[in-house]
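As the structure is a computational prediction, the values presented were derived from the model and not from experiment. Computed from heavy atoms alone, side chains included, the values below leave out hydrogens, waters and symmetry copies.
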Amino acid sequence: MNKYNFILAMLAFFTIRISAQSDTSESKPTLFQISIIDSLYEGKYDGKYKLSNLLEIGDFGLGTFDKLNGEMIILNSSIYQFKDDGLVYQSNADDTTPFACIVKFNSNESYEIFNMKDDELKKLIDSLITNKNLFYALKLQGEFSYIRTRTIALQKKPYKQLNEVLKNQIVFERTNLSGTLIGFYCPSFVDKINVSGYHFHFINDELNFGGHVLNFRIDNGKLEIQKINQLKIILPD
């Protein structure tokens with residue numbers, strides 16, 4: 001059994017156990033995850049899960065699309081697709097995803113943010129989250145003086161592994177725009193399951209620019225944090 005299949009076997013047991021426990025605690029914030037990040041690293045880019053089903057379980061999140069065709073931004077129960085042409089598209093309900101993270105966003109913590117680079121914001125969040133073993137949904141809405149994002153073009157079989165694909169990522173830069181960072185903090189012990197640490201996607205208020213965030217500077221904005229103490233994983237076939 002290779003490393004990837006071993007992880008899936010362990011997660012099958014893990015996911016069943018969590019689901020059984022959470023049946024009695026549905027009110028608790030839950031991060032729903034489609035597949036695992038190692039699946040993408042291994043080059044498994046075929047979509048297995050319909051976006052229409054995704055919106056039935058949450059309204060806020062990120063991910064990618066079938067054949068790795070662009071970056072996914074989920075905000076206010078709408079799913080947006082940022083493609084390699086630099087444009088944002090409203091996704092089709094019949095589209096599919098090989099990997100996504102979604103939650104019902106309901107924050108009870110908010111903070112005013114002024115003049116911060118991305119690394120400064122992460123340090124601030126580090127000081128605000130009290131339990132690094134939990135998950136957190138993060139929403140930062142405001143005025144950005146600079147943002148650098150990336151996306152990935154549609155992949156064709158035979159698929160290359162993700163580290164090879166990222167060598168040809170398409171990078172975009174914008175200045176002086178308003179928008180929203182959508183992201184998650186995941187604890188270090190899930191580094192084979194999800195992106196450990198911080199993972200952000202972005203979409204501007206005009207809904208015509210976005211992507212996976214590489215770095216940024218925000219002039220002013222509002223940071224909202226939602227603590228998440230449950231994880232449910234839908235495993236790939």
Side-chain angles (χ1 to χ4, degrees), residues 29-33 36-38 40-41 58 60-64 71-75 80 82 99-152 162-163 166 169-205 209-231:
T30 301
L31 175 62
F32 292 89
Q33 185 175 313
I36 61 173
I37 196 64
D38 252 24
L40 288 189
Y41 291 156
F60 176 96
L62 51 78
T64 187
E71 304 290 343
M72 179 188 294
I73 303 103
I74 308 169
L75 182 64
Y80 303 97
F82 184 63
F99 178 82
C101 301
I102 189 166
V103 67
K104 291 181 180 178
F105 190 78
N106 184 21
S107 170
N108 56 8
E109 294 182 53
S110 64
Y111 306 89
E112 296 298 316
I113 302 298
F114 300 98
N115 299 319
M116 283 192 178
K117 295 181 180 178
D118 55 313
D119 57 343
E120 294 170 330
L121 179 75
K122 291 172 185 177
K123 288 179 181 178
L124 173 64
I125 298 173
D126 281 342
S127 70
L128 295 173
I129 57 178
T130 56
N131 188 341
K132 299 289 194 300
N133 290 321
L134 297 181
F135 297 78
Y136 296 84
L138 306 165
K139 180 180 180 182
L140 177 60
Q141 188 172 17
E143 304 293 327
F144 294 79
S145 57
Y146 172 78
I147 192 160
R148 187 169 182 253
T149 67
R150 72 111 194 275
T151 191
I152 297 172
L162 187 59
N163 62 341
L166 289 176
Q169 66 183 1
I170 301 95
V171 176
F172 300 88
E173 293 180 306
R174 294 288 187 276
T175 57
N176 301 321
L177 73 172
S178 58
T180 305
L181 284 184
I182 294 97
F184 294 96
Y185 168 86
C186 295
S188 59
F189 63 81
V190 298
D191 66 329
K192 301 297 183 183
I193 300 170
N194 205 321
V195 177
S196 61
Y198 295 98
H199 184 187
F200 290 111
H201 286 193
F202 174 82
I203 191 164
N204 67 345
D205 287 349
F209 176 75
H212 172 96
V213 176
L214 299 175
N215 50 62
F216 65 88
R217 174 182 282 278
I218 185 168
D219 289 338
N220 61 82
K222 179 183 178 182
L223 170 67
E224 297 177 79
I225 301 176
Q226 179 183 16
K227 182 165 66 175
I228 301 169
N229 52 18
Q230 291 193 127
L231 172 66

**Study point:** From NZ (Lys192) to CG (Asp38), nearest 0.5 Å
**Key:** 5.5 Å

Exercise for review: Anything under 30° is parallel, anything over 60° is perpendicular, the rest tilted; go ahead and classify His212 against His199.
Suggested key: tilted

Point to revise | Minimum-distance pair of heavy atoms, taken over all atoms of Ser196 and Asp191 | key: OG-CB, 3.7 Å

Check your understanding: Between Phe184 and Val103, does a side chain to side chain contact (heavy atoms under 4.5 Å, CB included) hold up when you go through it step by step?
Key -> CA-CA 10 Å; Phe184 294 96; Val103 67; 4.0 Å; yes

Check your understanding: Looking at side-chain heavy atoms only, is the closest gap between Asn176 and Ser145 below 4.5 Å?
Key -> yes

Review point. Tell me, do Cys101 and Gln33 make a side-chain contact under 4.5 Å, heavy atoms counted?
Key: yes

Exercise for review: Work out which heavy atom in Leu177 is nearest to a heavy atom in Phe202; give both atom names and the distance.
Suggested key: CD1-CE2, 3.9 Å

**Study point:** Gly210 backbone acceptor or donor facing Thr149 side chain under 3.5 Å
**Key:** yes

**Study point:** Aromatic plane relationship, Phe200 with Tyr198 - under 30° parallel, 30 to 60° tilted, over 60° perpendicular
**Key:** parallel

Check your understanding: Does a sphere of radius 6.0 Å around NZ in Lys222 hold more than 12 heavy atoms from other residues, nucleotides or ligands, not counting ones at 6.0 Å or beyond?
Key -> no

Point to revise | Over all atoms of both residues, closest heavy-atom pair of Leu62 and Ile182 | key: CD2-O, 3.6 Å

Check your understanding: Does the side chain of Leu138 reach to within under 4.5 Å of the side chain of Leu181, using non-hydrogen atoms?
Key -> no

Study note, to complete from the structure: Checking Asp205, Asn204, Asp219 against Ser178 for side chain to side chain donor-acceptor pair (under 3.5 Å), the one that qualifies is Asp205

**Study point:** Shortest non-hydrogen contact from His201 toward Ile73
**Key:** CB-CG1, 4.0 Å

Revision key, fill the gap. The reported gap from OG1 in Thr64 to CD in Glu71 (rounded to nearest 0.5 angstrom) is 5.5 Å

Exercise for review: Measure the CG-CD1 distance between Leu40 and Ile152 for me, rounded to the nearest 0.5 Å.
Suggested key: 8.5 Å

Point to revise | Criterion side chain to side chain contact (heavy atoms under 4.5 Å, CB included) on Ile147 and Phe209, from CA distance to verdict | key: CA-CA 11 Å; Ile147 192 160; Phe209 176 75; 3.9 Å; yes

Check your understanding: Hey, are the side chains of Glu120 and Asn115 touching, using non-hydrogen atoms and a 4.5 Å cut-off?
Key -> no

Check your understanding: Between atom CD1 of Ile129 and atom NZ of Lys227, what is the distance when rounded to the nearest 0.5 Å?
Key -> 11.0 Å

Practice item. Answer whether the closest heavy-atom distance between the side chains of Ile203 and Phe82 falls below 4.5 Å. Key: no

Check your understanding: Closest approach of Ile228 and Gln230, non-hydrogen atoms and distance?
Key -> CG2-O, 3.3 Å

Check your understanding: Glu143 side chain to Asn220 main-chain N or O, any donor-acceptor pair under 3.5 Å?
Key -> no

Practice item. Decide if atom NZ of Lys122 counts as having more than 12 heavy atoms of other residues, nucleotides or ligands within a radius under 6.0 Å. Key: yes

Practice item. Scan Lys117, Arg217, Glu173 and name whichever one has a side chain to side chain donor-acceptor pair (under 3.5 Å) with Tyr146. Key: Glu173

Check your understanding: Which is it for Tyr185 and Ile125 under the side chain to side chain contact (heavy atoms under 4.5 Å, CB included) test, yes or no, and what are the steps along the way?
Key -> CA-CA 9 Å; Tyr185 168 86; Ile125 298 173; 5.6 Å; no

**Study point:** Spacing of CG belonging to Leu121 relative to CG belonging to Leu128, to within rounding of 0.5 Å
**Key:** 9.0 Å

Point to revise | Nearest heavy atoms of Gly179 and Phe144, plus distance in Å | key: O-CE1, 3.5 Å

Review point. Is there side-chain contact between Pro29 and Gln226, with at least one heavy-atom pair below 4.5 Å?
Key: yes

Exercise for review: Would you indicate whether the side-chain heavy atoms of Tyr136 and Asn131 approach each other to under 4.5 Å?
Suggested key: yes

Check your understanding: Does any non-hydrogen side-chain atom of Phe105 lie less than 4.5 Å from one of Glu224?
Key -> yes

**Study point:** Between CG on residue Leu140 and CD1 on residue Ile218, distance to nearest 0.5 Å
**Key:** 4.0 Å

